[in-house]
Amino acid sequence: MVPPVAVSPVIKTARWSFLLIGMFYGKQRYDYLKPRAEKERLVEEAEKKIREEQEKIAKALAEGTFLKNASEC
């Protein structure tokens with residue numbers, strides 16, 4: 001078996017530097033995208049409620065029970 005090769009200190013420093021820079025960039029990117037994703041989640045939740053209500057009405061119309069329930073009110 002071949003003994004391990006000694007890695008240059010410049011290469012070691014560069015690797016650690018890029019690792020730390022990547023972690024820093026990832027944290028910044030996460031902090032930037034988190035509020036946007038939260039807003040998207042809220043919008044999607046509101047759209048889901050509307051979509052479910054529309055599906056409920058469409059189903060009631062298809063069954064013919066929508067007008068019967070409306071006349072009872």
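Taking CD of Glu47 as the start and CD of Gln54 as the end, the distance is 10.5 Å to the nearest 0.5 Å. Summarising the geometry, atom OH belonging to Tyr32 is positioned 10.0 Å from atom OH belonging to Tyr25; distances are rounded to the nearest 0.5 Å. Between atom CD of residue Glu40 and atom CD of residue Glu45 there is a gap of 14.0 Å, rounded to the nearest 0.5 Å.
Glu52 has its side chain within reach of Lys48: a pair of non-hydrogen atoms, C-beta onward, lies under 4.5 Å apart.
No more than 12 heavy-atom neighbours from other residues, nucleotides or ligands sit within 6.0 angstrom of CZ on Arg15.
Among the candidates Lys27, Arg29, Lys34, the single residue satisfying the side-chain contact (heavy atoms from CB on, under 4.5 Å) test with Asp31 is Lys27.
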